[in-house]
Protein chains: 2
Amino acid sequence: MLTEGLQDYIEAVLICEKEHGCVRMKHIACRLGVRTPSVNAAVKELARLGLVSHESYGLVELTASGRQTARSVYKRHQMLRRFFSETLALPDNLAEKTACGIEHHLDERTAARMTRFMRFLDSQSEKHPGFAKELREALIDE
Amino acid sequence: MLTEGLQDYIEAVLICEKEHGCVRMKHIACRLGVRTPSVNAAVKELARLGLVSHESYGLVELTASGRQTARSVYKRHQMLRRFFSETLALPDNLAEKTACGIEHHLDERTAARMTRFMRFLDSQSEKHPGFAKELREALIDE
DNA sequence: TAACAATGTTAGCCTAGGCTAATATACAAC
DNA sequence: GTTGTATATTAGCCTAGGCTAACATTGTTA
């Protein structure tokens, strides 16, 4: 079973791949703010689950199914980040932190619903000039 | 420091108090789906933090500061439950489960922002007949 | 090619927070 | 008052997932 922690790790693999072209233990460690022995243990487990391949002292690579999993985790993360950052107009770092904290607690259905919800808000902004502005004003909290 | 787990416990104390008039270990255990020894350890810690008072084999009672903390946790929980249940129109049990999972990951500011956001949506529904209906239709996902 | 720097791995420890089994207490009923 | 049942507590174990320190490997550079 893919625990919350492992979801973070596999997402990190995908992102490190994008960022560096290849994935080393230290990249993952750096991204997640943990030490390499922790990464080592996690990657071992991901390999056992067939989500990455990895041989000793070598690079980490996503398998097909691992990539699919990672993408789905990533997509959800981005959706949440957008919700907090764009919809709620919170600062990027806070939006990111919050998205990161909650992403593992939304099931498929809830995530899909939120996506539709955000789409609806976008459509309202387009249809009704003033909607976005009203929203922005409603959110001010000082 | 009040860990996530302890926040669940202190919220449970408040709810058990509402439900039963007094708070026993077993009430908390039942509500959180854990065993009494786990509750015992948590309550001990809450007492150490000055959030509840409790003597051996007796009832658990919130202190003033504990009650304040519990209420704030509870309020956030309810706000989230409403977001998923009313705004996103998800089934109650799913909304509850999701709210429960993510509540500890929102800081004060984010929670306040979401509250304002929901207030804004309510005001739109009032001002523009059809808004709520359009939203409902936009969320359908079958 | 020898040595060093960077990286990865292993071993062993720690904490949080569950659990069960065994023990202790409180209270009700006889 | 003794006994039985419900509840609470303690002791001790387990897992996930961090960590450091020590060791191993790789690859680069003199």
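Numbers restart at 1 for each chain; the letters A, B, ... are given by sequence-line order, proteins then strands. Note that the coordinates shown come from a computational prediction; the quantities given were computed from them, not determined experimentally.
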Check residues 124-132 of chain A and write down every donor-acceptor pair under 3.5 Å in which the side-chain atom is one partner and the other belongs to a residue at least two apart or another chain.
from, atom 1, to, atom 2, distance (Å)
A:Gln124, NE2, B:Glu134, OE1, 3.0
A:Ser125, OG, A:Leu121, O, 3.2
A:Lys127, NZ, B:Glu134, OE1, 2.7

Could you list the donor-acceptor pairs under 3.5 angstrom formed by side chains in residues 78-91 of chain B, with sequence neighbours left out?
from, atom 1, to, atom 2, distance (Å)
B:Arg82, NE, B:Glu86, OE1, 3.2
B:Ser85, OG, B:Asp92, OD1, 3.4

When the side chains of residues 50-58 of chain A are checked against the rest of the protein, which donor-acceptor pairs come out under 3.5 Å, sequence neighbours left out?
none

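Note that the CG atom of A:Asp8 and the SG atom of A:Cys100 stand 5.5 Å from one another [nearest 0.5 Å]. Taking CE of B:Met25 as the start and CG of B:Leu59 as the end, the distance is 9.5 Å to the nearest 0.5 Å.
Checking side-chain atoms of A:Thr115 against main-chain N and O of A:Ala111 turns up a donor-acceptor pair under 3.5 Å. A:Arg31 contributes no side-chain N or O that, together with a main-chain N or O of A:Cys16, makes up a donor-acceptor pair within less than 3.5 Å.
Along DNA chain D, the stretch of nucleotides lying under 4.0 Å from any heavy atom of chain B spans, 5' to 3', D:dT7 to D:dT10.
Rounded to an integer number of Å, the gap from CZ of B:Arg24 to C1' of C:dC27 is 10 Å.
Annotation: side-chain hydrogen bond (donor to acceptor under 3.5 Å, both in side chains) contacts involving residues 58-74 of chain B, sequence neighbours excluded, comprise B:Glu17-B:Arg67.
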Check nucleotides 9-11 of chain C against the protein and report each pair of N or O atoms closer than 3.5 Å, with its distance, or say if there are none.
from, atom 1, to, atom 2, distance (Å)
C:dT9, OP1, A:His54, NE2, 3.4
C:dT9, OP1, A:Tyr57, N, 2.9
C:dT9, OP2, A:Asn40, ND2, 2.2
C:dT9, O5', A:Asn40, ND2, 3.1
C:dT10, OP2, A:Lys44, NZ, 2.6

